[in-house]
Amino acid sequence: MLQVNVLRQNTAWAKERLAIRNFKQLELVDEIVALDDKRKKLQLEFDTIQAKINCSSKDIGKLMGQGKKEEADALKAEIPQLKTALEPIKEAMQFAEKQLQDALVLLPNLPSGLVPPGKTPEDNVVVRQGGNTPTLGTNPLPHWDLAKKYNLIDFELGVKITGSGFPVYIGKGARLQRSLIQYFLDFNTAAGYTEYIPPFVVNEDSAYGTGQLPDKEGQMYFVTEDKFYLIPTSEVPLTNIWRDVILKEDDLPIKMTAYSPCFRREAGSYGKDVRGLNRLHQFEKVEIVQVTKPENSYETLDAMVAHVENLLQNLGLPYRILRLCGGDMGFTSALTYDFEVFSAAQGRWLEVSSVSNFENYQTNRLKCRFKDANGKTQLAHSLNGSSLALPRILGSLLENNQTEHGITIPEVLWKYFGAEEIR
RNA sequence: GGAGAGAUGGCAGAGCGGUCUAAUGCGGCGGUCUUGAAAACCGUUGACUCUAAAGGUCCAGGGGUUCGAAUCCCUUUCUCUCCGCCA
């Protein structure tokens with residue numbers, strides 16, 4: 001969430017930034033500053049009266065110790081009226097605090113200066129394109145047909161066991177998926193990321209900490225019995241490792257990577273968007289997360305983009321990198337690059353990664369801070385990206401690499417997959 | 001799941017109704033000494049709010065009793081021990 005002081009000191013600028021992402025309730029910024037003013041005023045009143053009570057209580061203690069019971073009783077008699085005066089102030093203060101908090105979580109992050117204006121995905125800017133689109137033979141098959149032909153994935157079986165959007169990977173399909181996961185993790189750890197296996201369900205504090213709550217409440221599966229959320233991405237448990245932590249400057253940057261299944265309800269999705277592996281309720285993903293010093297976060301973002309780009313190049317997939325426009329960006333992001341691969345048989349670009357800098361939006365909520373060289377505590381910056389989401393990579397790999405007699409496996413996967421081709 | 005015991009500063013650990021502004025030890029930081037280091041000795045040591053300062057808040061979370069709560073009561077969560085179940 002945003003810092004009130006930033007909004008207070010740069011009110012007009014903050015509104016301009018929010019307008020870039022087509023945020024409508026700009027008056028919320030003024031309301032927040034007003035609420036904070038109110039809160040401060042009440043806090044001061046509260047503190048003044050509380051100080052008097054504390055002082056009297058100490059005096060009573062001393063008097064009792066000296067056996068001056070009557071003087072102590074006289075002092076005691078003064079306190080009830082102070083407490084009576086305190087009560088409404090306390091309530092008003094707590095109410096103002098809650099209102100402030102409730103308002104703050106409604107504000108999305110401020111887009112960085114690089115974010116292009118725009119409302120829809122059409123307004124995203126292609127910053128780079130790479131790889132070659134293959135020339136497929138006649139009647140290229142979409143991946144769901146290839147999956148059936150080579151017995152790699154059974155979608156109907158998933159429907160039987162759970163429901164739509166929960167595919168069952170079988171044999172070489174499962175093996176290919178595992179090969180990709182292992183390749184991604186090895187590639188990430190070679191680049192200095194530490195591998196984690198985090199919990200796949202999280203509590204409310206964690207879901208709130210990275211901003212999934214209250215924004216994406218309906219997107220997550222919820223275990224009512226224990227009040228746990230199934231993670232929509234391992235970003236949630238990974239970033240929350242640093243909740244309520246004050247780091248040393250030397251600890252930064254923190255580089256983490258994790259494989260996890262991801263669970264998303266995706267309510268309301270339908271049609272060709274959800275066909276095959278295009279959109280699932282459970283999918284696999286390898287994630288990278290970094291926590292950095294504020295002054296380094298944008299060069300870190302560039303490094304993460306280059307890192308993900310390398311992965312796609314190594315897999316030989318045709319890709320493009322988009323800088324998301326204000327209207328298409330995530331709630332908590334300041335700048336996001338999306339990666340799409342071209343799935344040749346479907347003839348569509350599919351999103352396979354999203355790399356974002358959250359600046360201190362997440363860390364402010366998480367209270368993830370570090371002590372700088374001057375001993376001052378300040379908020380760190382957090383970033384994350386998919387490296388990579390598996391289903392669409394798998395789908396496009398099947399489609400782009402299909403031949404007359406099988407599917408060729410990219411060379412980087414040979415040692416994991418144990419073969420150069422699926423026949 | 002049942003019974004019992006606990007949760008205190010970076011860590012260990014005292015405090016169980018009133019100078020707690022939380023003892024003590026370890027660790028960290030600074031200094032003295034030293035060619036340098038170690039040892040020894042001396043000093044220092046959290047967060048939030050507010051900030052000119054004072055003040056206020058924080059002893060797992062929430063609520064209560066009291067003039068006054070780390071300390072008493074209720075409640076939630078977590079940890080440990082024993083039993084049960086189990087990969």
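As a basis for the values below, the full set of heavy atoms in this structure was taken, side chains included, without hydrogen atoms, waters or symmetry mates. Below, read A as the first sequence line, B as the second, and so on, with proteins coming before strands; counting in each chain starts at 1.
- The P atoms of B:C48 and B:A53 are separated by 16 Å, rounded to the nearest whole Å.
- Residue contacts for A:Ile246: at a heavy-atom cut-off of 4.0 Å it reaches the sugar-phosphate backbone alone, with no base atom in range.
- For the 3.5 Å distance criterion, the side chains of A:Asp372 and A:Gln378 qualify, holding a donor opposite an acceptor.
- For the residue pair A:Gln290 / A:Tyr193, a side-chain donor-acceptor distance below 3.5 Å is found, with atom types taken as modelled.
- With salt bridges taken as basic N to acidic carboxylate O contacts below 4.0 Å, none links A:Lys160 and A:Glu156.
- Residue A:Asp47 contributes atom CG, which lies 14 Å from atom C1' of B:A53 at whole-angstrom precision.
- Residue contacts shown for A:Lys371 are limited to sugar-phosphate atoms, with no base heavy atom under 4.0 Å away.
- The CG atom of A:Asp244 sits 10 Å away from the C1' atom of B:A47 (whole-angstrom rounding).
- Of the C1' atoms belonging to B:U66 and B:C26, the separation is 38 Å, rounded to the nearest Å.
- Between the side chain of A:Asn240 and the backbone N or O of A:Val236 there is at least one donor-acceptor pair closer than 3.5 Å.
- When rounded to the nearest whole Å, the span between CD of A:Gln43 and P of B:G56 equals 12 Å.
- The residue A:Asn54 sits close only to the backbone: its heavy atoms come under 4.0 Å of sugar-phosphate atoms, none of a base.
- Rounded to a whole Å, the CD atom of A:Gln50 is 18 Å from the P atom of B:C50.
- Rounded to a whole angstrom, the distance from the P atom of B:G31 to that of B:G18 is 41 Å.
- A:Thr48 comes within contact range of no nucleotide atom at all, as no heavy-atom separation falls under 4.0 Å.
- Dashed line: the shortest gap from a side-chain N or O of A:Arg39 to OP1 or OP2 of B:C50 is under 4.0 Å.
- Within the structure, a side-chain polar atom (N or O) of A:Arg369 is placed less than 4.0 Å from OP1 or OP2 of B:C48.
- Projected onto RNA chain B by closest heavy-atom contact, A:Asn5 and A:Cys55 fall at different nucleotides, the more 5' of which corresponds to A:Asn5.
- Between the P atoms of B:C80 and B:U8, the separation comes to 14 Å (whole Å).
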Between side-chain atoms of residues 76-94 of chain A and protein atoms elsewhere (two or more places apart, or another chain), which donor-acceptor pairs fall under 3.5 Å?
residue	atom	partner	partner atom	Å
A:Thr84	OG1	A:Pro80	O	2.7

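- Under 3.5 Å, the side chains of A:Gln313 and A:Tyr319 contain a donor-acceptor pair of N or O atoms.
- With respect to the salt-bridge test (charged N to carboxylate O, under 4.0 angstrom), the residues A:Asp37 and A:Lys40 do not qualify.
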When Watson-Crick pairs (N1 to N3 and N6-O4 or O6-N4) and G-U wobble pairs (N1-O2 and O6-N3) count only below 3.5 Å on both distances, what is the dot-bracket string of RNA chain B, with | for other-strand pairs?
((((((((.[[[..)..(.....]]]((((((.......))))))((((.....)))).[[[[[..)....]]]]])))))))....

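- Projected onto RNA chain B by closest heavy-atom contact, A:Lys367 and A:Ala51 fall at different nucleotides, the more 5' of which corresponds to A:Lys367.
- B:A14 sits 33 Å from B:C50 when the C1' atoms are compared, rounded to a whole Å.
- Tested against A:Leu390, the residues A:Phe184, A:Tyr169, A:Phe283 include a single side-chain contact (heavy atoms from CB on, under 4.5 Å) partner, A:Phe184.
- Nucleotide B:C48 holds its P atom 16 Å from the CG atom of A:Asp36, rounded to whole Å.
- Taking atom C1' on both nucleotides, B:A47 is separated from B:G43 by 23 Å, rounded to a whole Å.
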Under the criterion side-chain hydrogen bond (donor to acceptor under 3.5 Å, both in side chains), I'd like the reasoning laid out for A:His381 against A:Asn296: C-alpha separation, chi angles, the key distance, then a yes or no.
CA-CA 9 Å; A:His381 279 196; A:Asn296 296 336; over 6 Å; no

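- When the C1' atom is compared between B:U81 and B:U45, the two are found 36 Å apart, to the nearest whole Å.
- Between the P atom of B:G56 and the CG atom of A:Leu82 lies a distance of 14 Å, rounded to the nearest Å.
- Side-chain contact check for A:Asn109 and A:Thr332: no donor-acceptor pair (N or O, by modelled atom type) lies under 3.5 Å.
- Spacing between atom CD of A:Glu204 and atom P of B:U77 amounts to 13 Å, rounded to whole angstrom units.
- Nearest heavy atom pair, residue A:Ser343 against residue A:Glu399, reads OG-OE1, 3.0 Å.
- Spacing between atom NZ of A:Lys40 and atom P of B:C48 amounts to 16 Å, rounded to whole angstrom units.
- With both ends at atom C1', the span from B:G28 to B:C78 equals 29 Å, rounded to whole Å.
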Return the polar atom pairs (N/O with N/O) between nucleotides 60-69 of chain B and the protein under 3.5 Å, or none.
residue	atom	partner	partner atom	Å
B:C67	O2'	A:Ser57	OG	3.1
B:G68	OP1	A:Lys83	NZ	2.6
B:G68	O4'	A:Ser57	OG	3.3

